[in-house]
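Position 1 is the first residue of the sequence, and the numbers go up from there. Ligands are counted one by one from 1 in listed order, and the atoms in each one are counted from 1 as well.
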Amino acid sequence: MSFQTKFPPLKNDLLIRAAWGETLDKLPIWIMRQAGRYLPEFQEFRKKHTFFEICQNPELACEVTLMPIRRFELDAAIIFSDILVIPQALGMIVEMRPGVGPVLPEPLTLENFDKLTPEGAVQRLQYVGDAITLSRMRLEGKVPLFGFTGAPWTLMGYMVEGGGSKTMSKAKKWLYGHPELSHKLLSMLTDVIIDYLVMQIRSGAQIVQVFDSSAEYLNKDLYHEFGLPYLERILKQVRDEVTKSKLEQVPMVLFAKGAHFCFPEIVNLGYNVVGADWTMDPDVVNSIVENKNVTIQGNLDPCALYAPKEELTKKIKNMLNKFAGKRYIVNLGHGIYPDAPIESVQTFIDVVHNTKVHK
Ligand SMILES: Cc1c2[nH]c(c1CCC(=O)O)Cc1[nH]c(c(CCC(=O)O)c1C)Cc1[nH]c(c(CCC(=O)O)c1C)Cc1[nH]c(c(C)c1CCC(=O)O)C2
């Protein structure tokens, strides 16, 4: 069944049009991790609720989703959730420890691999779909709503390491030492991710982003074997399933952080939008995407938000000079940090919206 028709009509479709390939005279902007800790209202909210309580309760998740939209003139909302709800739905324990980040106290091992429970995982994630449906209603068509997922390799990394890691050496030990089992895991995660994204689209997500935040730990060979084929399958099968389910296609975004070594291959996968992280030189990005059917998203250094207003304005304008007039969505080149000054976020949005693009 399609829910897509009963939602309030979209009033600001700037970002969706940019994602499908229009070059616009106004630039759309959203900010990765915009629904989070840099907002004082979120910090207040977190005193009353645990992280996963917010994720799992559609009313609470919707409230946080709307926080940045109430405060700023952003051109998209992103559903409040986390990439680690998938390992959770597969039966793993995930704790969000203050000051530490995510911890999986019983990491995936060669021995406990078979205990994962992919059957029914997406049904157990229906609360994300419910939060999306509620947020679509409450957004009243003001801006489009992003759904998202972690990419297979990034999820595998957290599952095997038991949390974040400086090297991902435990997870890479699987890639080098147990390639068959690694493929089995990545393939299983890919299947779940596909169903999960289709469920999000069915629930009302108007655009979806795949976060491959740990791509930077791999290299060309490893990404060719353990990254790209799964990212390609996600794109193709989500498209097929959406068609089969008589849903409307939505733009698909891939952000593979630090994957310079495969940027041309990533651009060629066929995602509508590709994220450039903050370390990428706009000229290099532009030369790679020239004449390709893709929109670039990014890539201001999140730390640029610490610069004084004048300096920050200059940095933003420099970036816009490089990308504006092409297929482009403005964003940071990674998620916003918890101590980013709110005034700088306001400056970022103002400079972008005050820029008139000459096509
Ligand atoms: C790697 C990753 C994770 N989660 C996510 C990624 C990929 C994006 C990226 O690379 O930054 C994605 C994510 N996590 C969260 C969102 C919500 C929507 C948004 O605002 O973008 C999104 C899109 C909420 C969150 N996820 C988390 C918080 C803060 C937790 C808290 O409130 O205590 C929020 C608001 C916790 C989290 N979750 C994760 C980490 C490493 C951490 C701790 C450090 C951090 O905050 O960045 C895993």
Go through ligand 1 atom by atom and flag the ones less than 4.0 Å from a non-hydrogen atom of [X].
| X | result |
| --- | --- |
| R46 | 31 (C), 32 (O), 33 (O) |
| G36 | 35 (C) |
| I78 | 18 (C), 19 (C), 20 (O), 21 (O), 23 (C) |

Note the single closest protein heavy atom to [atom], along with its residue, its atom name and the distance in Å.
| atom | value |
| --- | --- |
| atom 48 (C) of ligand 1 | D82 OD2, 3.6 Å |
| atom 1 (C) of ligand 1 | Y158 OH, 3.4 Å |
| atom 45 (C) of ligand 1 | R37 NH2, 3.2 Å |
| atom 7 (C) of ligand 1 | S213 OG, 3.2 Å |
| atom 35 (C) of ligand 1 | F80 CE1, 3.6 Å |
| atom 16 (C) of ligand 1 | S81 O, 3.4 Å |
| atom 22 (C) of ligand 1 | F148 CZ, 3.5 Å |
| atom 34 (C) of ligand 1 | F51 CE1, 3.4 Å |

In terms of the angle between their ring planes, are W174 and F113 parallel, tilted or perpendicular, with boundaries placed at 30° and 60°?
tilted

Under 30°, 30 to 60°, or over 60°: which ring-plane class applies to F255 and F211, parallel, tilted or perpendicular?
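Because their plane-to-plane angle is over 60°, the rings of F255 and F211 count as perpendicular.
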
Is the shortest distance from a heavy atom of [X] to ligand 1 less than 4.0 Å?
| X | value |
| --- | --- |
| F146 | no |
| G164 | no |
| P98 | no |
| F42 | yes |

Near W20 CH2, under 6.0 Å, is it more than 12 heavy atoms from other residues, nucleotides or ligands?
yes

Would you indicate which of [options] comes nearest to [atom] when only heavy atoms are counted?
| atom | options | value |
| --- | --- | --- |
| atom 3 (C) of ligand 1 | I83, T65, D212, V94 | I83 |
| atom 21 (O) of ligand 1 | M96, R33, M32 | R33 |
| atom 42 (C) of ligand 1 | P338, P102, G101 | P102 |

Below 4.5 Å, heavy atoms only, C-beta onward: do L189 and W153 meet side chain to side chain?
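L189 does not reach W153 side chain to side chain.
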
Is there side-chain contact between L155 and I193, with at least one heavy-atom pair below 4.5 Å?
yes

Does one side chain, of [X] or [Y], offer a donor that lies under 3.5 Å from an acceptor on the other?
| X | Y | answer |
| --- | --- | --- |
| D350 | Q346 | yes |
| D212 | Y223 | yes |
| R138 | T65 | no |

Distance, nearest 0.5 Å, that separates [atom1] of [X] from [atom2] of [Y]:
| X | Y | atom1 | atom2 | result |
| --- | --- | --- | --- | --- |
| E63 | L134 | CD | CG | 10.0 Å |
| I79 | L145 | CD1 | CG | 5.5 Å |
| K322 | N286 | NZ | CG | 8.0 Å |

Which one holds for [X] and ligand 1: side chain close, backbone close, both close, or neither close, with close meaning a heavy atom under 4.0 Å?
| X | result |
| --- | --- |
| K257 | neither |
| P68 | neither |
| I79 | backbone |

Any N/O pair [X]/ligand 1 closer than 3.5 Å:
| X | result |
| --- | --- |
| A35 | yes |
| W30 | no |
| H334 | yes |

Residue among N299, T295, V330 satisfying side-chain contact (heavy atoms from CB on, under 4.5 Å) with F323:
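Per the side-chain contact (heavy atoms from CB on, under 4.5 Å) rule, the option paired with F323 is N299, out of N299, T295, V330.
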
Looking only at heavy atoms, the pair that brings Y158 and L104 closest together is O-CD1, 3.8 Å

Are Y337 and M96 connected, step by step, through hydrophobic side chains (Ile, Leu, Val, Met, Phe, Trp, Tyr) whose heavy atoms are closer than 4.5 Å?
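In one cluster with Y337: M96, no.
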
